[in-house]
J.: 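Structure incoming, see below.
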Amino acid sequence: MDTPIPAAGRDFIRQIIDADLAAGKHVNVVTRFPPEPNGYLHIGHAKAICLNFGLAAEFGSQVPARCHLRFDDTNPEKEEQEYIDAIEADVRWLGFDWGEHLYHASDYFQKLYDYSEELIQQGLAYVDDQSAEEIRATRGTLTEPGTDSPWRNRSVEENLDLFRRMRAGEFADGSRVLRGRIDMASPNLNMRDPALWRIRRAPHPRTGDAWLIYPMYDFTHPLSDALEYITHSICTLEFENHRPLYDWAVDNVSVPCKPRQIEFARLNLSYTVMSKRKLLFLVKEGHVDGWDDPRMPTLSGLRRRGYTPEAIRDFCERIGVAKRDSMVDVQLLEHCLREDLNRRAQRRMAVVDPLPLSIENWEEGRVDWLEAVNNPEDASAGTRQVPFTGELFIEREDFVEDPPKKWFRLSPGAEVRLRWGYLFTCTQVVKDAQGRVERLVGRIDPESRGGNAPDGRKVKGTIHWVSAAHALDAEVRLYEHLFALEKPGADRDFLEDINPHSLKCVTHCKLEAALAEATPELPVQFERLGYFVRDSRAPGLVFNRTVTLRDTWAKEAVKG
RNA sequence: UACCCCGUGGUGUAAUGGCAACACCUCAGGUUUUGGUCCUGAUGUUCCUGGUUCGAGUCCGGGCGGGGUAGCCA
């Protein structure tokens, strides 16, 4: 190593790899991201993806390094091609590339089968005729040892014969299982003669009906890692107790290398759920619109919502990697998002809850094309022309008849700036029969074109607007967190914690005409409201609110 | 009450025997044609208890607390 990396500040996994490289244990770094295609990828997977692919990219400057994408497809009853396709698309969208290294555990079934015969030959595996119930009953408990199966001491020949016939389909589903012959009294339950292969007459998305027996994760995973020459096999904490079994597998068959399993804490995010089981439930029971519902923590949902891969990667970097259970505040994710969007999103004006406003001293039919800055954070984004007329829409929220303290938006007699336009003073409030404000009337200062008065007087409030004659009609979907509680399901069914206000669809919003060209790939900021993106599924002009702007006034208002 | 893992501000992460730091959040102020952005500042931290050491968040013992594990799921 020409430039030794200081240990300080590096997470424990990077330190392990540093040490392995320094000690000459490895001359390269090979990691893998091993999803099971039984659901869509979520933000928790993003953490694992960024870790594994990130490691390969980082160490690649030092030694040969790569990261594989491998589908852990050993349970045909839960896995589907739709998920396989979605996972590949999501990993790519996040910004990672596995190159040639796309693998499937199902490609290794024959090798795994051969390794199993090796185990049988060594007396390290046997065919058990017990039912699943009997095996469960004899496994023992957390505090008591299990008892040996009556079939535990079969001869090698008999085991070989039976195992071959299992494969040939001579036995019914679930009637027999191949078990590792380890230790029924082990304090680690995973070592109490774990099942290695089970009989399942289920078509597999990739192998079709070629196999009637399927290997278990605990057997498949370590050997797949070994077959791919994985150096560091990084997984989540719940597999910690499985590590002795992982090591047992690679130690007892003739694989070409012995990868090391390292466990880290999975991501928990406040105000959401992360288990695939729960996410699947939300989809199947119709609590959300699908896996890519913009309220879902799935990568496809976040994408549709307007999250950027850059923001998600930044987030994954900032949360770090450790072994302690934790719950990350969703506000950190939103902070990363806003930071990215602030840099890149062009500004537009849009009125979600329109209130008509008429300018008395504006010549009928006159259109004034004003210059508006597209992105104050990025001069190269340039400017655009926005039409100003005597009939506008403003945000209903920006007007109050009886302003509270520190209110510097619109109220009767108060002067505000119409962004990029003129200083405006409200002279008249028109109400309907019910007393609801229907329309505002007022005057502009004709000398203030562009937003500044010639006399230099300060106007603190600036509000956004849209010319009525030029406005586009659109639907805007306002989202909040899917769950109302920080930790959904903490003390009741998680469905009861769903936020009833997680989606608000608002129709007949008024947009600046330039928004007609908005695409689902380009985030925009609706000035003073938040970041939005064109929906990728709905026909017509439909926008999703990605995230609001920080709103210090809202906090002020709450305080009174 | 078996085995494994983990305990650092409200949250997440760092400090690798030597001044407990960074980010988010919160709060206060400044700048501002977005109550955005940006800038400045403030509040707040080593689970308890013995020990080793000149010196312990860090090493050791004992507690306490949290998480995981009894699929032919992954």
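This is a predicted model, so every value here is computed, not measured. Here is the naming used below: chain letters follow the sequence lines, and residue numbers restart at 1 for every chain.
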J.: Where the side chain of Pro376(A) is concerned, which of U34(B), A74(B), A2(B) is the nearest nucleotide?
T.: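 Among the listed nucleotides, the one closest to the side chain of Pro376(A) is U34(B).
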J.: Touch check for Trp197(A), heavy atoms < 4.0 angstrom, all strands: base, sugar-phosphate only, or nothing?
T.: nothing
J.: Answer with yes or no after comparing the ring centroid distance for Tyr422(A) and Phe388(A) against a 6.0 Å cut-off, counting only values under it.
T.: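 Yes, they do, as the ring centres are separated by less than 6.0 Å.
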J.: Any idea if G71(B) is syn or anti, going by the 90°-from-0 cut?
T.: syn
J.: Scan Arg347(A) against the nucleic acid and name what it touches under 4.0 Å (heavy atoms): base, sugar-phosphate only, or nothing.
T.: base
J.: Looking at C72(B), I'd like to know if its phosphate oxygens (OP1 or OP2) sit under 4.0 Å from a side-chain N or O belonging to Arg139(A).
T.: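 True: Arg139(A) side-chain N/O within range (under 4.0 Å) of C72(B) OP1/OP2.
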J.: Between C73(B) and Arg198(A), is there an OP1 or OP2 to side-chain N/O distance shorter than 4.0 Å?
T.: yes
J.: Out of C3(B), U32(B), G71(B), which has the shortest distance to the side chain of Arg136(A)?
T.: G71(B)
J.: Report the relative orientation of the aromatic rings in Phe71(A) and His104(A); use parallel for angles under 30°, tilted for 30 to 60°, perpendicular for over 60°.
T.: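 It falls in the parallel class, under 30°.
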J.: Under 4.0 Å, heavy atoms only, any strand: does Glu77(A) hit a base, just the sugar-phosphate, or nothing?
T.: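 Touches nothing.
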J.: Report yes or no: is the cationic atom of Arg167(A) (NZ for Lys, CZ for Arg) under 6.0 Å from the centre of the six-membered ring of Trp211(A), at an angle within 45° of the ring normal?
T.: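 Yes.
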J.: Once pairs are restricted to Watson-Crick or G-U wobble with both distances under 3.5 Å, how does RNA chain B read as a dot-bracket string, [ ] for crossings and | for other-strand pairs?
T.: .((((((..((((....[..)))).(((((.......)))))....(((((..]....))))))))))).....
J.: Would you measure the distance from the C1' atom in U43(B) across to the matching atom in G36(B) and give it in whole Å?
T.: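 It works out to 25 Å between them.
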J.: Looking at every non-hydrogen atom in both residues, tell me the closest pair between Asp378(A) and Arg343(A) and how far apart they are.
T.: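 Residues Asp378(A) and Arg343(A), closest heavy atoms: CB-O, 4.2 Å.
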J.: How about Tyr271(A) and Phe483(A): are their ring centres within less than 6.0 Å of each other?
T.: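 That pair fails the under 6.0 Å test.
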J.: Is the backbone N or O of Ala105(A) less than 3.5 Å from a side-chain atom of Asp73(A), with the two atoms forming a donor-acceptor pair by type?
T.: yes
J.: Would you please classify the geometry between the His242(A) ring and the Phe239(A) ring as parallel, tilted or perpendicular, with 30° and 60° separating the classes?
T.: perpendicular
J.: Of the nucleotides U37(B), A23(B), G35(B), which has the atom closest to the Arg550(A) side chain?
T.: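 Nearest listed nucleotide: U37(B).
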J.: Classify the nucleic acid contact of Thr141(A) as base, sugar-phosphate or nothing, counting any heavy atom under 4.0 Å across all strands shown.
T.: base
J.: Is Arg417(A) touching bases, backbone alone, or none of the nucleic acid, heavy atoms closer than 4.0 Å?
T.: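 If one applies the 4.0 Å heavy-atom cut-off, Arg417(A) turns out to touch a base.
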J.: Indicate the atoms forming the closest heavy-atom contact of Thr383(A) with Glu371(A), along with that distance.
T.: OG1-OE2, 2.9 Å
J.: Does the ring of Tyr126(A) carry Arg154(A) above it, NZ/CZ under 6.0 angstrom from centre and within 45° of its axis?
T.: no
J.: Do Trp553(A) and the base of G35(B) stack face to face, with centres under 5.5 Å apart and an angle between planes under 30°?
T.: yes
J.: Touch check for Glu377(A), heavy atoms < 4.0 angstrom, all strands: base, sugar-phosphate only, or nothing?
T.: base
J.: Would you classify Arg409(A) as touching base, sugar-phosphate or nothing, given that sugar-phosphate means primed atoms plus P, OP1 and OP2, and contacts are heavy atoms under 4.0 Å?
T.: base
J.: Using atom C1' in both nucleotides, what's the gap between A20(B) and G55(B) to the nearest angstrom?
T.: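 Straight-line distance between the two C1' atoms is 15 Å.
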J.: Using the side-chain heavy atoms of Arg200(A), tell me which of these nucleotides is nearest: A2(B), C72(B), G12(B).
T.: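 Per side-chain heavy atoms of Arg200(A), the pick is C72(B).
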J.: Examine G35(B): is either OP1 or OP2 under 4.0 Å from a nitrogen or oxygen in the side chain of Lys555(A)? Give yes or no.
T.: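 Answer no for this pair, as no side-chain N or O of Lys555(A) is under 4.0 Å from OP1 or OP2.
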J.: If you find the nucleotide of RNA chain B closest to Val328(A) and the one closest to Glu79(A), which residue's nucleotide is nearer the 5' end?
T.: Val328(A)
J.: Using a heavy-atom cut-off of 4.0 Å across all strands, would you classify Leu332(A) as base, sugar-phosphate, or nothing?
T.: sugar-phosphate
J.: From CG of Leu418(A) over to P of U34(B), roughly how many Å is that when rounded to an integer?
T.: 14 Å
J.: Any side-chain heavy atom of Leu280(A) within less than 4.5 Å of one from Trp291(A)?
T.: yes
J.: Tabulated below should be each protein N or O lying under 3.5 Å from an N or O of nucleotides 63-67 of chain B; please produce it.
T.:
{"residue": "G67(B)", "atom": "O2'", "partner": "Asp325(A)", "partner atom": "OD2", "Å": "2.9"}

J.: Give one of base, sugar-phosphate or nothing for Lys276(A), where a contact means two heavy atoms less than 4.0 Å apart.
T.: nothing
J.: What distance, rounded to whole Å, do you find between the two P atoms, one in C4(B) and one in G12(B)?
T.: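 So the two P atoms sit 26 Å from each other.
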J.: Looking across every strand, which nucleic acid part, if any, lies under 4.0 Å from Val459(A) by heavy atom: base, sugar-phosphate, or nothing?
T.: nothing
J.: For the side chain of His335(A), starting at C-beta, report the closest nucleotide among A2(B), C24(B), G35(B).
T.: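 From the listed options, C24(B) comes nearest.
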J.: Out of A2(B), U26(B), A70(B), which nucleotide sits closest to the side chain of Pro187(A)?
T.: A2(B)
J.: Given the side-chain rings of Phe543(A) and Phe526(A), with only the six-membered ring counted for Trp, is the space between their centroids under 6.0 Å?
T.: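 When the ring centroids of Phe543(A) and Phe526(A) are compared, they turn out to be within the sub-6.0 Å range.
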J.: Are Phe163(A) and Tyr113(A) an aromatic pair by the rule of ring centers under 6.0 Å?
T.: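 Aromatic pair counts; centres sit under 6.0 Å.
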J.: Rounding to a whole Å, what distance do you find between Phe532(A):CZ and U34(B):C1'?
T.: 13 Å
J.: For G50(B) and A14(B), measure between their P atoms and round to the nearest Å.
T.: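 To the nearest whole Å, 29 Å.
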J.: Nearest whole Å is fine: how far is G71(B) P from Ile135(A) CD1?
T.: 11 Å
J.: Could you work out which one of U34(B), A74(B), G71(B) sits closest to the side chain of Thr74(A)?
T.: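 Selected nucleotide: A74(B).
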J.: Which nucleotide, G35(B), G12(B), G71(B), lies nearest any side-chain atom of Ile319(A)?
T.: G12(B)
J.: Which part of the nucleic acid, if any, lies within contact of His221(A), taking any heavy atom under 4.0 Å across all strands shown: a base, the sugar-phosphate backbone alone, or nothing?
T.: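 Answer is nothing: His221(A) stays at 4.0 Å or more from every strand.
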J.: Base, sugar-phosphate alone, or nothing: which one does Phe408(A) contact when heavy atoms must sit under 4.0 Å apart?
T.: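 Contact class for Phe408(A): base.
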